[in-house]
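One structure is given below, encoded as structure tokens.
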2 protein chains.
Amino acid sequence: MITKNKLNRKQQIIEKATQLFQKQGYAATSMRDLASFIGIEAASLYSHIKSKEEILQIICFQLAEDFFNSLQSIELEHGGADEKLQKAVVSHVEVLTKDPAASAVFFSEWRHLSEPYLTDFLEMRDQYEGRFIQILIDGNESGIFKTLDAKFTVLALLSSINWMPAWYKPGGKLSPKDIAGNVTDVFINGLRVR
Amino acid sequence: MITKNKLNRKQQIIEKATQLFQKQGYAATSMRDLASFIGIEAASLYSHIKSKEEILQIICFQLAEDFFNSLQSIELEHGGADEKLQKAVVSHVEVLTKDPAASAVFFSEWRHLSEPYLTDFLEMRDQYEGRFIQILIDGNESGIFKTLDAKFTVLALLSSINWMPAWYKPGGKLSPKDIAGNVTDVFINGLRVR
DNA sequence: ATATTTGCCTAACAATCGTTAGTTTGGTAC
DNA sequence: GTACCAAACTAACGATTGTTAGGCAAATAT
């Protein structure tokens with residue numbers, strides 16, 4: 001195939017960039033850093049990508065799509081709000097742990113996106129959080145969850161999970177399901193009216 | 001006083017830098033950005049500070065000291081683990097909300113510290129987390145808290161709080177005590193054996 | 001009144017930044 | 001064998017980076 005090597009190289013660039021962006025940050029990582037990490041010259045990168053920011057865009061929006069899709073099936077189900085929240089968190093953690101480095105970049109480097117990408121990104125994030133908020137509101141109206149500030153609680157819940165990529169190592173003693181289970185156990189049993 | 005104006009200017013530099021570091025990140029903020037934000041030339045900054053990194057060091061270690069001190073009185077008290085955890089979280093949130101911008105920088109820009117400051121910083125952070133972990137362990141041994149992965153839980157707890165500086169605006173509808181109360185309510189009531 | 005210090009300035013430095021241009025190389029298609 | 005093409009290279013660009021040197025004016029100390 002003609003374009004296969006090129007696609008692979010581009011994918012490799014993105015993966016290596018993800019590692020460096022996580023370790024050093026986007027702004028502190030130069031194209032020369034990235035190139036020498038791969039083993040080529042900086043100028044050669046531009047045979048595969050349009051700009052430094054394009055790399056960040058690909059990392060951020062690919063993951064955004066993954067997060068979005070992970071909720072799709074859950075919202076169609078007919079379970080209680082506690083079940084839905086549980087499943088939503090599991091899905092979220094699964095996306096997180098599938099590529100922890102990309103997740104770390106996603107959560108801490110998005111602000112270096114330029115317009116209009118930045119606005120798009122923030123809209124998607126708000127929508128995503130909104131779907132979690134709706135689960136809490138539904139749970140409250142059906143008497144399962146306490147009355148509380150749903151947005152605040154969702155931010156606290158997601159924040160406690162989203163910090164994970166900073167320390168998660170694949171193959172550790174806690175599997176993605178364990179992590180999601182622990183977190184939702186703490187949160188749901190603290191939220192549920194008893 | 002001789003040094004008063006100089007100290008004030010230095011303090012102003014640090015405060016303005018804190019704002020820019022929060023908005024743009026440390027690496028993406030140039031000394032010329034900072035200078036023009038203050039209203040002077042970039043070179044003039046060096047009459048007051050030794051280097052760009054010194055600013056970051058001051059921000060990070062000042063806050064680290066605040067966090068450390070905030071726990072001191074609590075650990076000497078004779079309350080139960082649930083009370084201690086509650087108070088520790090309140091203290092933590094109070095430090096956070098006293099200067100949200102500095103807190104945001106503290107949590108996301110520390111990696112740009114150079115050695116030996118970086119190692120010192122991480123050691124302090126580990127010690128601080130360790131004191132929270134100890135509270136959970138004590139609570140478990142005294143039968144108040146479930147058996148769980150204490151380190152994991154503390155990281156989840158602190159992470160859910162530490163994200164706050166990103167969105168907290170002084171004078172909002174939630175006071176520091178409200179925030180700490182909400183978080184600990186969710187966490188403690190989810191943790192306590194019933 | 002004079003001497004000293006402070007805080008800013010302009011100018012410039014060496015290094016590094018992202019990126020472009022033009023060229024070479026090695027493999028594939030006709 | 002020839003034409004083509006992707007992917008690398010070298011070299012360089014203009015801009016920007018953190019920082020230093022040296023000077024100047026105003027405030028302060030003597």
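Lettering of chains follows the sequences in order, A, B, ..., and the numbering in each one begins at 1.
Note on R9(A): every side-chain N or O is 4.0 Å or more away from OP1 and OP2 of dA6(D). In terms of phosphate contacts, H48(B) brings a side-chain nitrogen or oxygen within less than 4.0 Å of OP1 or OP2 of dC8(C). R32(A) has no side-chain polar atom (N or O) that falls below the 4.0 Å cut-off from OP1 or OP2 of dT19(C). Listed pair S30(B) / dT17(D) meets the phosphate criterion, a side-chain N or O lying under 4.0 Å from OP1 or OP2. Proximity of S47(A) to the phosphate of dA6(D): no side-chain N or O atom is located under 4.0 Å from OP1 or OP2.
Rounded to an integer number of Å, the gap from CG of L34(B) to C1' of dT16(D) is 16 Å. One can place CZ of F21(A) at 9 Å from P of dG18(C), the figure rounded to the nearest angstrom. Atom CD of E41(A) is separated from atom P of dT19(C) by 17 Å (rounded to the nearest Å). If you measure from atom CD of Q12(A) to atom P of dA7(D), you get 12 Å, rounded to the nearest angstrom. Per the geometry, CE belonging to M31(A) stands 13 Å off P belonging to dA8(D), to the nearest Å. Atom CD in Q24(B) sits roughly 10 Å away from atom P in dT17(D) (whole-Å rounding). If you measure from atom CG of L45(B) to atom P of dT6(C), you get 18 Å, rounded to the nearest angstrom. Whole-Å rounding puts the E54(A) CD to dT19(C) P distance at 10 Å.
Checked for salt-bridge contact, K84(A) and E77(A) miss the test: no charged N lies under 4.0 Å from a carboxylate O.
Residue order along DNA chain C, read from the 5' end via each residue's closest nucleotide, puts D33(A) first among D33(A) and K50(A).
Geometrically, R131(B) engages F68(B) in a cation-pi contact defined by less than 6.0 Å to the ring centre and at most 45° from the axis.
Between L85(B) and F132(B) the shortest side-chain heavy-atom distance falls below 4.5 Å. With a 4.5 Å cut-off on side-chain heavy atoms, I59(B) and L63(B) do not count as touching. Two residues are said to be in side-chain contact when any heavy atoms from C-beta on lie closer than 4.5 Å; H92(B) and S70(B) fail this criterion.
Side chain of Y46(B), nearest nucleotide from dT10(C), dA8(D), dT19(D): dT19(D). Among dC9(C), dC9(D), dG7(C), the nucleotide with an atom closest to any side-chain atom of A43(B) is dC9(C).
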